[in-house]
Structure formats: structure tokens, C-alpha cells
**Student:** 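Attaching a single structure in C-alpha cells format; questions to follow.
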Amino acid sequence: MPGSLPLNAEACWPKDVGIVALEIYFPSQYVDQVELEKFDGVDAGKYTVGLGQAKMGFCSDREDINSLCLTVVQNLMERSNLSYDCIGRLEVGTETIIDKSKSVKTVLMQLFEDSGNTDIEGVDTTNACYGGTAAVFNAINWVESSSWDGRYALVVAGDIAVYATGNARPTGGAGAVAILIGPNAPLIFERGLRGTHMQHAYDFYKPDMMSEYPVVDGKLSIQCYLSALDRCYSVYRNKIRARWQKEGNDSDFTLNDFGFVIFHSPYCKLVQKSLARLLLNDFLSSQNKDMKTELFNGLEAFGDVKLEDTYFDRDVEKAFMKASAELFNQKTKASLLMSNQNGNMYTPSVYGSLASVLAQYSPQQLAGQRIGVFSYGSGFAATLYSLKVTQDATPGSSLDKITSSLCDLESRLDSRTCISPEVFAENMKLREETHHLVNYIPQSSVDGLFEGTWYLVRVDEKHRRTYARRPLPNDGALDAGVGLAHASKTNEHIPSPAKKVPRLPATADPEAAAISNGEH
Ligand code: ACO
């Protein structure tokens, strides 16, 4: 496993703290956006060209926020061959709230039971799509603090992004990421380089506890997103310029100083516009007249525009999209794989963008690059920070390991099942009608779930939830079943004794499992 920890951890300041491993989970089914355009009766191209979306992942009533997070955590632990007692902090970022008190983190603690490790700090963090980044910062801060005990921190960001019928529905999605944080990482958080902007707005929020759907002011949310990007970029640049000046370097920081720039992606087109907006920021703040003429040739007419007047200015947008087209191809396009193929996952979205980059570039191409990361959550909260990729791209290096672990991302996406918009709509209706029901046994089949996926078995009369796991191929063909009408080919998870995989309480007796699943 990458990143060995020092024996006497408290005696030394951890070096190169950052992302050591990253696992991503998305549903095994999606709806095609071309089909959805037809089904919704909108003009052809509105979702695919106008929003830039190809496919949208979605969950049946078999998956909820707990199951998504259980799946991604266990997948990360197994694929990285990590022992559960090497985690000292576990954070969850989510806006998919199914309990106003009990955290998802405490549900995940069931995975740690066999290891006996209960000494794990951290709970859940919520602010729309920003909760994952807030959780990541908590984890980084812990490892860099006097509280650190030498173990890894694990951050989980997960959400089910669903909208009521209407123009926001094609911008849904679902998924989860698990991010292992520690020292000697291949993706290092640059210390002191975070530009944050937080402000009050009702652009997107979820005031109705009985519904999974948000209240959305789409146009306002775009304005908030773009204004936050401007402010964060400005703060970030001031901080890095101040650092450079101390080092005797008087250069301006520009977009060119990022090897890659990745964004929270509500839909791909907004990300392309955001990259163009960073170029607009560079252009407006450029003091150097010669550079302005040379680098921004043809854009002179926009020299006097004010950022706050341009959120929906077509001429500015068009000119800077055109001027930044090549930069977009080089620095951002690859990061949109997950977003284009699976949609907005909310908190994991920007980390899905990171996974997309790691999946498509070689360690040699990534080594030494600075990755700009823009995280936005409605309400609103945003940060632009940067990761520095380690220089060591040798085979077996931590960078080689993290890229190799994600190299199957495209084939995993391609292995999903396409579901018709009619069935997708029925599924959404089912979720609406059964959300928060007690004494509920989910109706959807579990046969199509990816191997290793945790799923909801039942919700009892006290809202306590019971889960089981689709077996992995090497778990053995123990067709125990869980006694549910639609789960004929499914086993409850029976860990292989050799691997001693931690598991949730046995679900053969759902009552017993539900009790140990935590009464409020
Ligand atoms: N062919 C090509 N392009 C088309 C077509 C067509 N047939 N029809 C429309 N378009 C273009 C439009 O011109 C528009 O382009 P533009 O953005 O460059 O102006 C784009 O497709 C979208 O069309 P609109 O009419 O603007 O879309 P609408 O207003 O119906 O919905 C919105 C878009 C607001 C993003 C909606 O999907 C939404 O509310 N989503 C949820 C909120 C959201 O994601 N906000 C972003 C930040 S907050 C967050 O992350 C949740």
C-alpha cells in the first residue's frame, strides 16, 4: 500500500500530505440523454449539446446514501488491500440526508467492527455539493495537526442527485468516492493555497424533509457558481502571487500555471464556460500591455467589461469560449468523463473529475503538474485549491498505483446497463412514493447491481435500515438468498474466511440485523 506511516508519527511534521488512493462507485444503470430528450419532448440537442451530457446514472429503491458509501469504502479497502485498523479518521460529505441525527459515518462503522477499531474521529458534513471538499479539508487538517496519530484519514463523498420532472431533471446523477488521505501522497495539497468564497443565496436548497428533490433557481445557481469561481480564483491568485514574491518571482499567475483545471460539474457545458471564465479573469487582471496584446489577441473589445455584468453576456461568453478552446482541450476536457457519462453526483462530482484525469493520463504525463480544483456547493460555499502531483512516476510508485487503480474506469462505465426513459421515470416515481416509508421492502431487483455493491434489504417499523452485499466473484457461489421476491440470484454477503473481509451483521434474520444496525 502506498504511503507508509512513520512509527513515531507525532515526532515529525508529515510531509506531502494528500490523496494516497481514490475509489469511485457509480450505479450499474443509466438513462441515455438522447432518449431522454425525446421522452421529455424537448428539442433534440438540448441535453446532449446544450448541457453537454451523454448519460445519467441513477439508483433504484435498492440504493440509498448508506449503501453507496458502504460500497465505495469496502471497495477501496479491498482494492487497496488496507487493514481497517490503519484508519484514524473517517469523514463523510453528503447532502443526501435520510436521518437528521444519525450520521452515515456511524453506519460505515459497521465495516470496522471485525477489526475492533472504534478509535476513529470525524462525522458527516453538509453543504450541498461542497460537503465532500469540507470533509477533505477536515482530513487534511487532521493529518497536518497535533491531533494526528499517524494513521490514514478516509473521506467519503456520496450523493443521489435527483430532480422533479422539468428542466433540471437531466442534470441528475449518483455516485460516491472514497479518498484516502495521508503523508507521502502522489497528489499533494499545496499548503496555504486555498481561495474560498462563501455567501448566502437561495439558489438550490432542500427544505422539504419528505422529498429527495431540491428547490432550484437554475439561473441564480449558475450566477452564484460563476461569481464564486471569480472570487475564489482572485483569492487563490493573490495567495500564490504573494508566495512567489517572497521567493523573488514577480510573475503574474495565469491559467497556464495549471497543468489541469477541474471543476464541480453540474453539467459539462457549465465547466467549459467556467474555463473560459478563468481566461476572462486573466485577461481583465493582466497588467502587462504587451502580454495583453500577444496572449489575448482579438479580445481587446472586452477590456472594460466588469465581471459581475458578464454572467449571461453572450458576446463575452462566445469570445472567451473560442479563445480558450485549446486550453479547454489540454487542461479540462478529460476531467469531464465521469460527468458526461454519469451526470452530476453532487459532493463526489469534482472528485469524479479528478478520477477521470487520473484514469486517462499516464504517471509520466501527470508527474510534477499542478491541478487546480474548483469545488462549489449551493447556498453557497466554494473553494479553489491546488494539488501538486509528485515527480516520481516510476513503476510501482504511489502515482503509478493510483493511476493503475483507476485505469478500468472507462470499461466500468461501458459495462453499465442502458434503461429506457419510461422505466427511469417509473423508478423516480417509485422513489418518490417510497422515500421515508417504514416497514418497507424495496421492490427493485438486485440482480443488475455490480458485484460488491451493498443494497437496502428493508426499512423496519422504526426506520432502521438493513443492508446486504452482492457477492464478489471470489466470494463463492453460496446462494443463500435473503428471502425476497425479487432477489433470487442474490446472496447476503458472506466473507471469504481467508480474506477476513469485515461485514455488516448477518441479514438472514432481518430483525436481529436491524437491531444491531443501530437504534436511535
Ligand atoms: N440544441 C443545442 N442546444 C440547445 C438546444 C438544442 N436543441 N436547446 C437548448 N439548448 C441550449 C441552450 O441555448 C442553453 O445553452 P446556454 O446555457 O449556453 O444558454 C442550454 O442548452 C440549456 O438550455 P436552457 O434553456 O438554458 O435550459 P433550462 O433553463 O431549461 O435548464 C438548467 C438548464 C438551469 C441548468 C437546469 O437544468 C437546472 O436548473 N439544473 C439544476 C441546477 C444546476 O445544475 N445549477 C448549476 C450549479 S448548482 C449545482 O451544482 C446543483
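These numbers come from a predicted model, not from an experiment. Note that ligands are numbered from 1 as they come in the structure, with each ligand's atoms numbered from 1 the same way.
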**Student:** With a 4.0 Å cut-off on N to O distance, would you call Arg470 and Glu451 a salt bridge?
**Tutor:**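 Salt bridge: no.
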
**Student:** Do any nitrogen or oxygen atoms of ligand 1 lie under 3.5 Å from a protein nitrogen or oxygen, and which ones?
**Tutor:**
| unit_1 | atom_1 | unit_2 | atom_2 | d |
| --- | --- | --- | --- | --- |
| ligand 1 | 7 (N) | Ala44 | O | 2.8 |
| ligand 1 | 17 (O) | Lys273 | NZ | 2.9 |
| ligand 1 | 18 (O) | Lys273 | NZ | 2.6 |
| ligand 1 | 18 (O) | Arg314 | NH1 | 3.3 |
| ligand 1 | 19 (O) | Arg314 | NH1 | 3.2 |
| ligand 1 | 19 (O) | Arg314 | NH2 | 2.5 |
| ligand 1 | 30 (O) | Lys46 | NZ | 2.7 |
| ligand 1 | 30 (O) | Asn167 | ND2 | 3.2 |
| ligand 1 | 37 (O) | Asn167 | O | 2.8 |
| ligand 1 | 40 (N) | Thr171 | OG1 | 3.2 |
| ligand 1 | 45 (N) | Ser221 | OG | 2.7 |
| ligand 1 | 50 (O) | His264 | NE2 | 2.8 |

**Student:** Assess, by modelled atom type and distance only, whether the side chains of Tyr213 and Arg169 contain a donor and an acceptor separated by less than 3.5 Å.
**Tutor:**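 Looking only at side-chain atoms, Arg169 and Tyr213 do form a donor-acceptor pair, the distance falling under 3.5 Å.
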
**Student:** Pairs in or reaching into residues 220-238: which pass salt bridge (charged side-chain N to carboxylate O under 4.0 Å, His left out), with residues at least two apart or in two chains?
**Tutor:**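 Checked against salt bridge (charged side-chain N to carboxylate O under 4.0 Å, His left out) - neighbours excluded - the pairs reaching residues 220-238 are Asp230-Arg277, Arg237-Asp282.
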
**Student:** Is the cationic atom of Lys219 (NZ for Lys, CZ for Arg) positioned less than 6.0 Å from the six-membered ring centroid of Phe312 and within 45 degrees of its normal?
**Tutor:**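 Satisfied, under 6.0 Å and within 45°.
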
**Student:** Under 3.5 Å, is there a donor on one side chain and an acceptor on the other for Thr96 and Asp159?
**Tutor:**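 Yes, side-chain donor-acceptor contact under 3.5 Å.
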
**Student:** Answer yes or no: is there an ion pair linking Glu35 with Lys38, defined by an N-O contact shorter than 4.0 Å?
**Tutor:**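 Salt bridge present between Glu35 and Lys38.
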
